[in-house]
Amino acid sequence: MVRSAGQPVADCRSATKISARSSEGDRVLRVRKTLFGIDATQTRFEARGFDACEPDVQSHLEGHAAAFVDGYNAALVQDDELLLDAELQRRVAADRRGFAFEGAAMAYTLLDALPLPGRGRFSRLLAGPGAHEPFLIHAGAGWAYARLRRRTWPTTALDPLLQWLHYDGYGFHQVFFARGAVQHVHGARSWDAYGHRAFHQGVGRALWFRCGADPDRIATTVRRFSAHLAADLWSGVGLAATYAGGGPDAALATLAGLSGGQRPALAQGAVAATAARVTARNANSDTERGCAQLCGLTVDEAHALYEKSLDGLVPQEDPMAYETWRTRVQHHFRETGR
């Protein structure tokens, strides 16, 4: 077929428009990263003022933080959740990928909350490639609301059981970036009583990092908080010790001893971490050590306890189903004496 004389000009103009749109899109993405990006060096122990610890433990925990930042920064410039997933699969080791998804959820929640083009990034991530990381994704959204200083958030896209992990993520963020004494961090006054409890579960989770996985430092720090928060704090510690790991068997055994009467809460946190790892299909040696030392269970036994404790719960009808599940698991450990 013979091309008309005017056709190449039209094609050239179309190509120019496409190129201009592409350049504009690239500029917007660069601006996003400039405005909201996190420098990975800001998550290192020295930068945050965290307690010094054994070099291998510090490197292990800093690696998790770096994966979080990697996922966060990648999501800032990639709105397509499937392409983001492919990128994270390529760049982040399997046992750190949950942290990358947590960071991505923070970025998507942040972008959804701002007056920017596009919505529903968080929902698409949770329903799509992040479906196997629901625990970390809900916590990651809480990071965004802490950064935005929001007191409330929409709940339509949230899993009815895990929605409280928003508060957990908020608490983790506040302690991770705290400049002063961590016992003075707090959530919004407008939250209900359980919101503050879930917030302190995240605080406990962050203490594992801030105290360099040192049992004595963790126990000392927990004692500085009000006594009525102890169970929630120890639950968060158990979750981080088992999910993030990095502590040797001896340290975990010491941690269990120092938890005293809150041992069931510590063990319940370990069960929650195991459920998150098994759901994501990335349980590892840290999961095994956490289950053995904090629960006296294997990974399979801990996950079976998680599932059994959900029997009969209808989270869609009972907003406190999450706490009922936690209470059941803790009751199991009180009854068995483990």
Side-chain angles (χ1 to χ4, degrees), residues 43 45 50-51 53-71 88 92-103 132-137 139-140 165 168-169 172 176 201-202 204-219 233-259 263 265-306 329 333 338:
T43 64
F45 276 35
F50 290 179
D51 292 328
C53 59
E54 292 296 323
D56 57 336
V57 175
Q58 180 171 327
S59 176
H60 180 85
L61 295 177
E62 286 180 336
H64 291 332
F68 177 96
V69 172
D70 202 7
L88 297 182
V92 183
D95 64 343
R96 296 192 194 276
R97 212 165 287 146
F99 294 100
F101 272 100
E102 187 176 12
H132 61 291
E133 296 281 6
F135 295 81
L136 278 296
I137 286 179
L165 288 170
D168 181 301
F172 191 107
F176 196 86
Q201 291 158 28
R205 191 162 58 96
L207 292 181
W208 181 254
F209 288 78
R210 194 172 182 95
C211 297
D214 183 279
D216 291 304
R217 291 173 184 162
I218 291 169
L233 291 165
W234 279 109
S235 174
V237 171
L239 197 158
T242 306
Y243 191 94
D249 286 352
L252 292 175
T254 300
L255 188 71
L258 290 172
S259 65
R263 177 72 180 273
L266 182 75
Q268 176 267 311
V271 170
T274 303
R277 284 287 190 187
V278 171
T279 300
R281 300 181 296 279
N282 59 16
N284 57 18
S285 58
D286 282 315
T287 322
E288 294 170 356
R289 280 195 292 273
C291 286
Q293 298 297 327
L294 305 184
C295 303
L297 302 174
T298 66
V299 169
D300 288 343
E301 289 169 341
H303 189 249
L305 174 60
Y306 163 75
V329 174
F333 289 111
R338 286 183 174 177

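Basis for what follows: all heavy atoms, side chains included, without hydrogens, waters or symmetry-related copies.
- Between Leu252 and Arg289 the shortest side-chain heavy-atom distance falls below 4.5 Å.
- Phe333 is not listed as a side-chain neighbour of Leu266, based on a closest heavy-atom distance of 4.5 Å or more.
- Scanning both residues, Cys295 and Val271, for their nearest heavy atoms gives SG-CG2, 4.0 Å.
- With hydrogens and angles ignored, the 3.5 Å screen pairs no side-chain donor or acceptor of Thr279 with any backbone N or O of Ala276.
- Between the Trp208 side chain and the Leu61 main chain, no donor and acceptor come within less than 3.5 Å of each other.
- The shortest non-hydrogen separation linking Leu297 to Ala302 is CD1-CA, 4.0 Å.
- Counting only heavy atoms from C-beta outward, the side chains of Phe68 and Val92 never approach each other to under 4.5 Å.
- Residues Asn282 and Glu133 have side chains in contact (heavy-atom distance under 4.5 Å, counting atoms from C-beta outward).
- Two residues are said to be in side-chain contact when any heavy atoms from C-beta on lie closer than 4.5 Å; His60 and His64 meet this criterion.
- Once rounded to the nearest 0.5 Å, the distance linking CZ of Arg217 with CG of Leu258 reads 13.5 Å.
- Salt-bridge formation is not detected for the pair Asp51/Arg210: no Lys NZ or Arg NE/NH1/NH2 atom is positioned less than 4.0 Å from an Asp or Glu carboxylate oxygen.
- A salt bridge links Arg205 to Glu102: one of the charged nitrogens lies within less than 4.0 Å of a carboxylate oxygen.
- The minimum heavy-atom distance between Leu88 and Gly71, with the atom names listed, is CD2-CA, 3.9 Å.
- From Asp168, atom CG reaches atom CG of Leu239 across 7.0 Å, with rounding to the nearest 0.5 Å.
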Margin query: Pair Asp70, Phe99 - check side-chain contact (heavy atoms from CB on, under 4.5 Å), show working.
Written below: CA-CA 9 Å; Asp70 202 7; Phe99 294 100; over 6 Å; no
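- Judged by distance alone, with hydrogens and angles left aside, the side-chain atoms of Asp286 form a donor-acceptor pair with the main-chain N or O of Gly246 at under 3.5 Å.
- With values rounded to the nearest 0.5 angstrom, His132 atom NE2 is found 7.0 Å from Arg97 atom CZ.
- The shortest distance between side-chain heavy atoms of Tyr243 and Thr287 does not fall below 4.5 Å.
- Minimum interatomic distance between Val57 and Ala213 (heavy atoms only, all atoms of both residues): CG1-CB, 3.9 Å.
- Interatomic distance, CZ of Arg263 versus CH2 of Trp234, reported as 10.5 Å (0.5 Å rounding).
- Between Thr254 and Pro215, the closest heavy-atom pair is CG2-CB, 3.8 Å.
- Atom CD of Gln293 sits about 4.5 Å away from atom CG of Asp249, to the nearest 0.5 Å.
- In this structure a side-chain-to-backbone donor-acceptor pair under 3.5 Å is present from Glu301 to Thr298.
- In this structure, Asp95 and Arg277 have side chains that are in contact, with non-hydrogen atoms separated by less than 4.5 Å.
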Margin query: What verdict does the side-chain contact (heavy atoms from CB on, under 4.5 Å) test give for Cys53 and Asp214, after you've listed the backbone C-alpha separation in whole Å, the side-chain angles of each residue and the deciding distance to 0.1 Å?
Written below: CA-CA 7 Å; Cys53 59; Asp214 183 279; over 6 Å; no
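- Of the possible donor and acceptor atoms, none in the side chain of Ser59 sits under 3.5 Å from a partner among the backbone N and O of Pro55.
- When only modelled atom types and interatomic distance are considered, Ser235 and Gln268 share a side-chain donor-acceptor pair under 3.5 Å.
- Annotation: side chain of Cys291 is in contact with side chain of Thr274 (closest heavy-atom distance under 4.5 Å).
- Separation of atoms OG (Ser259) and CG (Leu233) is listed at 12.5 Å; rounding is to 0.5 Å.
- Relative ring orientation between Phe45 and Phe50 is described as perpendicular, the plane-to-plane angle rising above 60° on a 0-90° scale split at 30° and 60°.
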Next item on the list: Could you give me the CA-CA distance, side-chain angles and deciding distance for Tyr306 and Val329, then say whether side-chain contact (heavy atoms from CB on, under 4.5 Å) is met?
Entry: CA-CA 7 Å; Tyr306 163 75; Val329 174; 5.9 Å; no
